[in-house]
Amino acid sequence: MSNIHTYESPSNIALIKYWGKHGNQLPNNPSISFSLSNSKTITSIEYKKAEANIEFYFEDKRNLDFEKRIKTFLNNNKGILAFINDYSLKISSKNTFPHSAGIASSASAFSALSACLISIKQDLGYKVDNFEKEVSTLARLGSGSASRSVYEGVVLWGKTDLIKNSSNEYAIPINDNIHDIYKNYHDDILIVEEETKSVSSSAGHKLMDINPYRTEKYNQSNINLKNILSALKTGDLDLFINIVENEALALHAMMMISEPSFILMKPKTLEIINAVRNFRQETKIPLCFTLDAGPNVHLLYPDRYFSKIQSFIKTLNTKNIINDFLGNGILQV
Ligand code: PMV
C-alpha cells in the first residue's frame, strides 16, 4: 500500500542577499526575503515500503538530471531521513511559472520537497518536534534560500544578535514588527532572458571564499540588515529602497570582480534599472529594483501604486512579466 503527501511552496526574493557559505550550508551573513504568492512549486511524494528507490518526474516527465540531484540530496541527509533506506519514493513536481523563465526555482523546489519528506517522517512515527523548523533545516541543506520559503511574509535566515531565536540552521518568520505599507507588497518580475544562468549558485557561493572584498561585503550586509529591520518596522521606504538596490548591486559587483568573473546583467537589465531610477525621481513613487543571480529584474513597490506601475512597465518592452506579491509559505494541498 502506498501513501502520498503533496505540498506547495513559494519562491522568495531576497532583500538582503545570501552570498557565500561555510560548513554544511551555513550562510556567511544573515539574509531577509519576501515569500511570494504566484511563483510556486507543487510537489507530491508517493511512498511505499519496498526496496529503496527514487523516481523523479518534472511536469509529468521523468527527469534524470533533477533525479540525480535529489538522490544526492537524500543520500547526504540520511541522518534526518533514516527511512529512505526502506522506502520507494515517486516524486512528482511542477512549477506555476515556466521553467525557462529564468527564475531560480531551487528555493520553492527544495522547500516543497522537504515539507513532503518531513511529513513522511512524521507518518512513520519518527519524532518531529517543530514541523516547520525541521522543514526549513532540511530545505536549507538542499538550497540555502529554500530555508526561507517555508514561511509566509518576511523571513530571516541566519544568526544575528538583532533577532531572538535567529539561526544559521533554519529560517524564522519576522512578521510581527512589519509596517502595514509592506502588506501585499508587489514583486513584478521582468524576464529579460529565459536561458539558464551561466553560473550555478553553488559555484557563485564558492567564489566568495577567495573574493578580496568579502570582509567589506559582509560588514556592509550586516549594516544593511540592521537598517532594513528599521525600515521594515517604520515603513521608511527611502531607506528600504536604498538598501534593497545596494544589496542587489553589491551581489552583482561581487560576481563581476570574482576570479573567474561573471557579468550576469544584460544591456536590458541596465536599461530597466536606469528607467526605474528616472521614474522614481520624476514621479516620487517608491518603486525599486532587485536582482537575483541572473539578468531578470524584480520591481518592488507598495500595493497602492499597482496600476501606475503597470503603465510604466508597458513602456519597458520586456518579453514576459510575472506579477507577484507577498504571500504564504508552504501549504499542504
Ligand atoms: O539558495 P541558493 O544557493 O540558490 O543561493 C541563492 C542566492 C541568491 O538568490 C543570489 C540570494 C538569496 O539570498 O536568495
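We count ligands from 1, going down the list as the structure has it; atoms in each ligand are counted the same way.
Contacts between S143 and ligand 1, counted as non-hydrogen atom pairs separated by less than 4.0 Å, involve both the backbone and the side chain. If you look at S145 next to ligand 1, the close heavy atoms, those under 4.0 Å, come from the backbone and the side chain alike.
Residue contact check for ligand 1: R148 places a non-hydrogen atom closer than 4.0 Å to it.
No N or O atom of S31 sits closer than 3.5 Å to an N or O atom of ligand 1. Considering backbone and side-chain atoms together, S201 places an N or O closer than 3.5 Å to an N or O of ligand 1.
Listed by number with element, the atoms of ligand 1 under 4.0 angstrom from any heavy atom of A14 are 12 (C), 13 (O), 14 (O). Close approach of ligand 1 to S106 (heavy-atom distance below 4.0 Å) involves ligand atoms 4 (O). Per-residue contacts place H205 under 4.0 angstrom from the following atoms of ligand 1 (heavy atoms of the residue considered): 2 (P), 3 (O), 5 (O).
Remark: among candidates L251, L264, L291, N29, the nearest residue to atom 10 (C) of ligand 1 is L251, based on non-hydrogen atoms.
Hydrophobic cluster membership is shared by L249 and L190, with clusters built from Ile, Leu, Val, Met, Phe, Trp and Tyr side chains linked at under 4.5 angstrom. Under the 4.5 Å side-chain contact rule for hydrophobic residues, V333 and Y57 do not share a cluster.
For Y182 and F240, the ring centers sit closer than 6.0 Å to each other. Between F83 and Y47, the ring center distance fails the sub-6.0 Å criterion.
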Before giving the answer on side chain to side chain donor-acceptor pair (under 3.5 Å), spell out for E259 and N211 the whole-Å C-alpha distance, their side-chain angles and the decisive distance to 0.1 Å.
CA-CA 8 Å; E259 200 53 68; N211 191 306; over 6 Å; no
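For the pairing with N12, the side-chain hydrogen bond (donor to acceptor under 3.5 Å, both in side chains) check across S145, S149, S35 returns one residue only, S149.
Note on ring orientation: taking the six-membered ring where Trp is involved, the planes of W157 and Y18 are perpendicular (angle over 60°, cut-offs 30° and 60°).
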